[in-house]
2 protein chains.
Amino acid sequence: MFVAMTACPDPSRPDHPTAKALLDAGGELFGAHGFAGASTRALAEKAGVNIAAIAYHFGSKEGLREACGRETARIMAQDIVGARADALDAALAAGVTPAQARGMILDLFDAIAPAMLARADFEPVVRFLLREQDERSPAFERIHDGFIAPMHERLCRLWGAATGAAPDAPATRLSTLSVVAQIVYFRVARNVALKRMGWTRIGEEEAAQIAAVVRANLRAMLDAAAREARP
Amino acid sequence: MFVAMTACPDPSRPDHPTAKALLDAGGELFGAHGFAGASTRALAEKAGVNIAAIAYHFGSKEGLREACGRETARIMAQDIVGARADALDAALAAGVTPAQARGMILDLFDAIAPAMLARADFEPVVRFLLREQDERSPAFERIHDGFIAPMHERLCRLWGAATGAAPDAPATRLSTLSVVAQIVYFRVARNVALKRMGWTRIGEEEAAQIAAVVRANLRAMLDAAAREARP
DNA sequence: GTCTATAAACAGATAGAC
DNA sequence: GTCTATCTGTTTATAGAC
């Protein structure tokens, strides 16, 4: 009772059941049909709440979008890397051998690939992220600064430790992105991949096949980079 | 004067100036904002024509979308592969040595990468294609059957010829897709790449750096695949 | 073929009862 | 906090003059 209960009491509160339901619906519908393609009526119906709840809890449809961005950043940071981030930082600070660094990179992608590709609850998260980065929205800035940039930096440092290449060299920064690319592609161009592979979906089995190919590519790339840096 | 001039005289006629302007506007705005996000008013204004021209020339907004799909398929087949497709088919029919096949794959991506990444007029084309495949629209089916599938098949056959791997093996089909992935990523996640690389745009210079990394990855992958198939 | 005017549906946002 | 009802503007599509 310290502040008046005006509209939009707290934009970032996934604890409230109505707000939570709207955040889930937003992640799904914004991702599936884009911001313009998801009407407030469809969002409210999907969430099982009243249309006016959007304005009440998030101020506006745009407010809901931004709150979804915060949710996405939180989920990705928590579920994709989780405790791994601290372990990586500790290892990098303590120093790692090339073989250790190589193993850590391979392990990292072995963990990322199945989550990114097969986890059904990640579909809306990734789709939402891609839409936001496409529109250069403030929500994307948050996700970039909080999750993407730190992970890319760690990856470049590991890459340098594993191959002897300079972590800040453009080629290193591009190489690491090109590994991420191979996983992201099967999300983004999923319908192309499904048709080309004759699959009906990307489940655990299919994700494992993709992960195996990415792992093989990664090994080949690391070997080549190491030969390049330490002939 | 043989047929009555009802609405939508011919859905596929990029020759008419008004229809052409609408196709260009459609490719750009559908790609940028999605189908729902591009209003007929915005489309007409961008094209510099009257709103009613959409219904007249394409029957409806949906009709314009499908016509844009046909245009996209035509442009990609023409500008990305062009005469190269026939040359590849002839070479594959005549038979190629592993070294020749390897060179053809490298050449192919050397041609595709700069076009996909740096050509400004390709931005709307690629964006449109990705939106359509995401929505599994009939327009995408056309593009897949007419351009994507034939190119992927050729690539798999070349890959097999270069490495000794089976062209129809899932690993081969996934490997070739994972090379395409590395190029597509820098289009799709362009804003991520720009921020991570400290670039402001992907012009010829930046595209060349990406192409060099992809080329290096491709060599490493081909070497590894060849060792795997012919130890 | 191109235009204006408008119909009919739908959008997001809000006022106010409960 | 949640609801109904409604306001205001915009959407696509169309009818009809030129």
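Everything quoted here is computed from the prediction, not taken from an experiment. Labels below follow one simple rule: chain letters A, B, ... track the order of the sequence lines, proteins then strands, and each chain is numbered from 1.
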### Message
Can you build the contact string for nucleotides 8-14 of chain C? Use B for base contact, S for sugar-phosphate-only contact, and - for no protein heavy atom under 4.0 Å.
### Response
---BBSB
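Other residues, nucleotides and ligands place no more than 12 heavy atoms under 6.0 Å from the NE2 atom of A:H33. The neighbour count for B:E62 CD, taken as heavy atoms of other residues, nucleotides or ligands under 6.0 Å away, is above 12. Heavy-atom contacts from other residues, nucleotides or ligands closer than 6.0 Å to CD of A:E204 number 12 or fewer.
A salt bridge links B:E123 to B:R187: at least one charged side-chain nitrogen sits closer than 4.0 Å to a carboxylate oxygen. The residues A:R173 and A:E153 are annotated as salt-bridged, a charged nitrogen and a carboxylate oxygen being separated by less than 4.0 angstrom.
Between A:L108 and A:M151 the shortest side-chain heavy-atom distance falls below 4.5 Å. Contact check for B:R74 versus B:E71: side-chain heavy atoms found under the 4.5 Å cut-off. Side-chain contact between A:F140 and B:K195: present, with at least one pair of heavy atoms (C-beta onward) separated by less than 4.5 Å. Side-chain contact between A:I54 and A:L22 is present, with heavy atoms from C-beta onward closer than 4.5 Å.
With a cut-off of 3.5 Å on both pairing distances, the Watson-Crick and G-U wobble pairs of DNA chain C assemble into stems of 3 or more at C:1-10 with D:9-18, C:12-18 with D:1-7.
Of all the residues in residues 24-33 of chain B, not one reaches under 4.0 Å from DNA chain D with any non-hydrogen atom.
The CG atom of B:L117 lies 12.0 Å from the CD atom of B:Q209; values are rounded to the nearest 0.5 Å.
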